[in-house]
Amino acid sequence: MKKTIFIMAMTTAGISFGQNKIQYPETKKGETVDVYFNTKVADPYRWLEDDKSDETGAWVKAENEVTYAYLNKIPFRDALKERMEKLWNYEKIGAPFTEGKFTYYFKNNGLQNQSVVYRKDQNGKEEVFLDPNTFSKDGTTSLGGLDFSKDGSKAAYSISEGGSDWRKVIIIDAISKKVLEDTLVDVKFSGISWYENEGFYYSSYEKPKGSELSAKTDQHKLYFHKLGTSQKEDKVIFGADQKRRYVGGSVTEDNHYLVITAANSTYGNELYIKDLTKPNSPIITIVDNFNSDNNIIENEGSKLFIDTDLNAPNKRVVTVDVNNPKPENWKDFIAETQNILSPSTGGGYFFANYTKDAVSLVQQYDYSGKLVREIKLPAVGTAGGFGGKKKEKTLYYSFTNYTTPGTIFSFEPKSGKSEIYQKPKVDFKSDDFESKQVFYTSKDGTKIPMIITYKKGTKLDGKNPTILYGYGGFNISLTPAFSIANAVWMENGGVYAVANLRGGGEYGKKWHDAGTKLQKQNVFDDFIAAAEYLIAQKYTSSDFLAIRGGSNGGLLVGAAMTQRPDLFKVALPAVGVMDMLRYHTFTAGAGWAYDYGTAQDNKEMFEYLKGYSPVQNVKKGVQYPATMVTTGDHDDRVVPAHSFKFAAELQDKQTGDNPVLIRIDVKAGHGAGKSVAATIQESVDIQAFTLYNMGFKALPKK
């Protein structure tokens with residue numbers, strides 16, 4: 001339904017500036033036009049999609065020069081960085097886990113670019129097991145995952161270079177730490193799941209013929225790698241005949257079954273199982289459609305425990321016998337409630353971690369389905385963990401909220417005893433700050449929750465610098481969590497507000513679906529209403545309000561600022577999905593169609609997408625907020641061309657003196673694995689830009 005017209009001649013769009021305006025790099029315009037359902041859509045910056053071209057590279061360099069020249073002139077930027085580094089510089093230790101005869105844990109001494117994996121033997125002797133800081137000199141190669149064979153004698157770990165989703169897998173002897181064989185390459189969107197000590201299952205795509213950072217990848221396959229053989233001999237277990245965009249495989253703890261999930265979008269999956277105790281056993285279908293999310297979380301012999309939202313939008317756990325596993329035979333084990341369920345297992349028990357109005361509530365069950373206890377949490381916030389092997393006598397969970405740094409608790413599931421295992425020593429006075437949950441009304445009357453955090457005693461006079469954060473998509477819930485960057489923001493008198501928009505998972509599938517496809521505008525309306533609430537209640541005003549979001553949240557910011565440019569002083573879209581007419585043509589973007597729909601679906605869907613797509617809705621003669629777009633040049637999740645094109649449109653059409661900058665991290669991706677140094681500098685630059693454009697010439701008084 002679409003054809004593209006390419007006119008190779010390019011014109012250069014010069015921009016006239018007054019003395020007080022920024023001299024942006026000249027961004028040439030092409031004459032590419034796409035035709036959708038007889039409607040022509042110009043795409044003058046299509047050339048910026050070519051991440052391999054010298055022209056794009058030169059544009060990135062020129063834009064960064066302008067951006068950093070601007071940031072370098074902000075008088076309090078260095079002071080902000082000094083405080084950020086000081087606050088960040090505390091020891092961080094992760095929950096321990098046992099593999100073989102060793103206890104492993106992650107630790108960061110404070111400002112290390114990547115956390116280090118340590119281990120202790122049975123005598124308590126500590127040593128470094130794996131130090132990702134040695135992977136690259138500049139800290140841009142990170143640890144993607146670490147998994148051990150069943151007896152703990154071998155390990156496989158994945159690395160990401162420059163933030164890419166493409167990974168390499170290194171296999172080592174876990175005792176001696178020596179590399180055992182050649183590195184596996186071109187692994188993407190994959191876990192590592194060992195079968196005994198023989199090898200492991202992993203997933204990947206064929207390497208694309210074009211750019212590995214932007215070319216489409218849509219046939220995922222599950223492989224088995226047998227130790228001692230080359231990768232080219234790895235057997236395809238699933239996905240050769242059935243074309244699926246996302247395929248995963250995991251082995252049950254007892255090594256009895258291989259569980260396979262397969263999906264074409266980010267919601268809804270088929271479910272399969274294979275008996276590994278019988279040679280050449282068939283793959284058995286449990287769920288044969290994409291109408292629900294399903295996963296096997298445990299088994300007790302042939303009895304399967306399945307986490308599902310089939311006929312239960314808020315999720316439930318069901319049981320079924322593997323010999324007759326179809327949904328019509330499922331029986332409730334943990335029934336659906338009004339709260340959103342996220343279950344886990346460990347220590348011989350089940351844990352039902354519920355989300356209730358965006359905060360955690362945890363209940364413990366035994367294998368008969370009997371409620372053992374509700375676990376008392378230290379405060380209102382987010383709890384995570386409660387997972388481990390069946391025989392573990394001690395489990396661990398983390399707790400955090402917007403004013404409480406992440407603290408790890410040990411938990412004895414038999415007695416219910418819980419105590420602090422590791423409490424970070426952060427130079428932040430949590431008691432000086434407070435969080436308040438409010439419920440405001442969106443455009444169509446829907447009540448939306450929002451948590452607002454600020455220093456106690458803050459005057460509601462409309463003059464507080466405020467960041468409003470949102471996401472609103474992909475069934476993802478925004479629950480309270482501590483952030484060093486946000487702590488610094490609040491220390492400087494800032495208000496931090498998080499709105500739990502439709503499209504997220506805070507209230508289950510119905511809440512998610514209410515922000516998808518032809519209802520996506522609900523998400524933007526919810527966000528705009530949140531801003532209006534903050535202004536009406538005098539937490540802030542339009543002169544002191546910034547909006548921020550990343551990925552799907554970057555789209556949120558882009559749509560909100562183009563629909564209501566008058567409402568915000570600063571806009572901070574990060575790694576955003578900005579070209580809604582073409583998102584599905586890059587990498588694994590086609591898998592996002594459950595949330596967005598595509599411009600090829602039908603005329604109605606095309607017109608709807610075109611109506612809010614940020615790239616297509618920047619207009620001449622409009623004064624947009626002061627904007628700093630952030631992205632990474634190696635982002636192969638949401639390709640940086642989205643951000644490039646949006647920034648180019650804004651720079652071309654912006655009216656007035658508000659700056660439009662794009663900050664492009666080099667050798668960085670969508671965000672995962674970013675070094676501590678790079679993360680701190682990005683946070684400093686965002687806050688410095690925000691405060692400076694709100695009129696501050698120095699950091700606000702504490």
Side-chain angles (χ1 to χ4, degrees), residues 266-268 292-293 307-309 312-317 334 336-344 351-363 377 379-384 398-402 435-453 467-483 486 496-517 519-531 533-534 547-557 559-560 592 594-596:
T266 48
Y267 174 80
S292 56
D293 272 343
D307 168 28
T308 182
D309 66 359
N314 293 346
K315 289 204 168 186
R316 57 179 173 148
V317 177
I334 300 176
E336 181 189 24
T337 71
Q338 61 183 356
N339 301 318
I340 312 307
L341 173 65
S342 178
S344 60
F351 296 89
N353 194 333
Y354 290 103
T355 300
K356 181 179 182 181
D357 292 333
V359 298
S360 293
L361 170 70
V362 184
Q363 295 178 336
L377 300 177
V380 175
T382 303
S398 62
F399 178 83
T400 183
N401 57 35
Y402 292 118
S435 289
K436 178 182 180 181
Q437 186 174 56
V438 300
F439 290 82
Y440 64 91
T441 304
S442 190
K443 185 178 180 179
D444 64 356
T446 302
K447 292 291 185 181
I448 312 294
M450 175 166 58
I451 297 178
I452 311 168
T453 308
I467 292 176
L468 170 61
Y469 185 88
Y471 187 80
F474 296 92
N475 202 35
I476 291 172
S477 300
L478 295 185
T479 58
F482 184 78
S483 156
N486 292 339
Y496 184 69
V498 178
N500 297 108
L501 317 171
R502 281 175 284 185
E506 289 85 353
Y507 294 102
K509 190 174 186 299
K510 291 179 181 178
W511 192 257
H512 174 209
D513 286 347
T516 62
K517 294 189 177 71
Q519 298 187 92
K520 186 66 178 175
Q521 183 61 40
N522 285 337
V523 185
F524 313 140
D525 290 341
D526 292 353
F527 199 53
I528 289 166
Y533 177 90
L534 291 168
I547 50 172
R548 188 177 180 195
S551 195
N552 174 73
L555 162 64
L556 170 69
V557 172
W592 310 336
Y594 182 91
D595 264 57
Y596 298 146

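Scope of the values below: all heavy atoms of this structure, side chains included, with no hydrogens, waters or symmetry mates.
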Using a 4.5 Å cut-off on heavy atoms from C-beta on, say whether the side chain of Tyr596 contacts that of Leu555. yes

Is the shortest heavy-atom distance from the side chain of Val380 to the side chain of Asn401 under 4.5 Å? no

Output for pair (Tyr354 OH, Asn314 CG), nearest 0.5 Å, gives 10.0 Å

Working to the nearest 0.5 angstrom, can you tell me the gap between Leu377 CG and Phe399 CZ? 6.0 Å

Under 3.5 Å: donor-acceptor pair, side chain of Ser477, backbone of Gly505: yes

Could you give the distance from NZ (Lys315) to OG1 (Thr355), rounded to the nearest 0.5 Å? 10.5 Å

So Tyr471 and Phe474, would you call those rings parallel, tilted or perpendicular, with 30° and 60° as cut-offs? tilted

If you compare all heavy atoms of Tyr440 against all heavy atoms of Pro449, which two are closest, and at what distance to 0.1 Å? CE2-O, 4.3 Å

Between Ser435 and Ile451, the two heavy atoms sitting closest are CB-CG2, 4.0 Å

Begin from the C-alpha positions of Leu468 and Tyr533 and carry the test side chain to side chain contact (heavy atoms under 4.5 Å, CB included) through to its verdict. CA-CA 11 Å; Leu468 170 61; Tyr533 177 90; over 6 Å; no

With side chains defined as the heavy atoms from C-beta onward, is the minimum distance between Asp293 and Lys509 less than 4.5 Å? no

Are the side chains of Leu556 and Phe524 in touch, meaning some heavy atoms are under 4.5 Å apart? yes

Could you pull out the closest heavy-atom pair between Ala560 and Phe527, with the gap in Å? CB-CD2, 3.9 Å

Rounding to 0.5 Å, atoms CG (Asp357) and OG1 (Thr479) come to a distance of 13.0 Å

Would one find more than 12 heavy atoms of other residues, nucleotides or ligands at under 6.0 Å from atom CZ of Arg548? no

Taking all non-hydrogen atoms of both residues into account, name the closest pair between Ala352 and Leu341 and its distance. CB-CD1, 3.5 Å

Can you check whether Asn475 reaches Tyr594 side chain to side chain, under 4.5 Å on heavy atoms? no

Taking all heavy atoms of Ser442 and all of Ala529, pick out the closest pair and write down the distance. CA-CB, 3.8 Å

First locate atom OG1 of Thr308, then atom CD of Glu336, and finally report the distance between them rounded to the nearest 0.5 Å. 10.5 Å

Of all heavy-atom pairs linking Leu478 and Ala499, the shortest is CD1-O, 4.1 Å

A cation-pi test, strictly: NZ or CZ of Lys356 under 6.0 Å from the centre of the six-membered ring of Tyr507 and no more than 45 degrees from its axis. Yes or no? no

Contact check, side chains of Gln363 and Ile334, non-hydrogen atoms, under 4.5 Å: no

Do Tyr402 and Val498 have side-chain heavy atoms sitting under 4.5 Å apart? yes

Nearest 0.5 Å, please: how far is CD in Glu506 from CG in Leu501? 7.5 Å

Report the relative orientation of the aromatic rings in Tyr267 and His512; use parallel for angles under 30°, tilted for 30 to 60°, perpendicular for over 60°. perpendicular

Would you say that Asp444 contacts Asp525 through its side chain, given a criterion of any heavy-atom pair below 4.5 Å between the two side chains? no

Here's a test for you: under salt bridge (charged side-chain N to carboxylate O under 4.0 Å, His left out), which of Lys447, Lys443, Arg502 qualifies with Asp526? Arg502

Is the side chain of Thr400 donor-acceptor paired with the backbone N or O of Phe482 at a distance under 3.5 Å, no angle test? yes

